[in-house]
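Right, one structure below, let's go through it.
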Amino acid sequence: MKVKLLQLMAGPMGVFPAGQHDLPEELVRALVAGGYAEADVGPQKPIFETATLAPVPETADLPKKRGRRK
C-alpha cells in the first residue's frame, strides 16, 4: 500500500526517508494511526512555484583608511 512518510523511519525492514513508499498494509495502518504517515490516495497535481524575488542591489563599502604608525 502506498504511504507518504512524514519523517525518517528505521526498523527491521530497513531505513526509509520521508516521502512516498510502498509498505505492507498492516504497517501503513499503524503509521497513519500514530501520525507518522499519511495514506496516499493517488497521484496529485504538480505544484508550480510562481513567486519571484526582487533583485537586491549590490553595494560595497570602501575599506576604512588606516593611519600611519609611528
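By the 4.5 Å side-chain criterion applied to Ile, Leu, Val, Met, Phe, Trp and Tyr, Leu8 is assigned to a cluster that also includes Val15. Other residues sharing the hydrophobic cluster of Tyr36, ordered by chain and number and joined by side-chain separations under 4.5 Å: Met1, Val3, Leu5, Met9, Met13, Phe16, Leu23, Leu27, Val28, Leu31, Val32.
For Glu25, the salt bridge (charged side-chain N to carboxylate O under 4.0 Å, His left out) partners are Arg29, not counting sequence neighbours.
Listed by first and then second residue, the salt bridge (charged side-chain N to carboxylate O under 4.0 Å, His left out) pairs involving residues 11-24 amount to none (not counting sequence neighbours).
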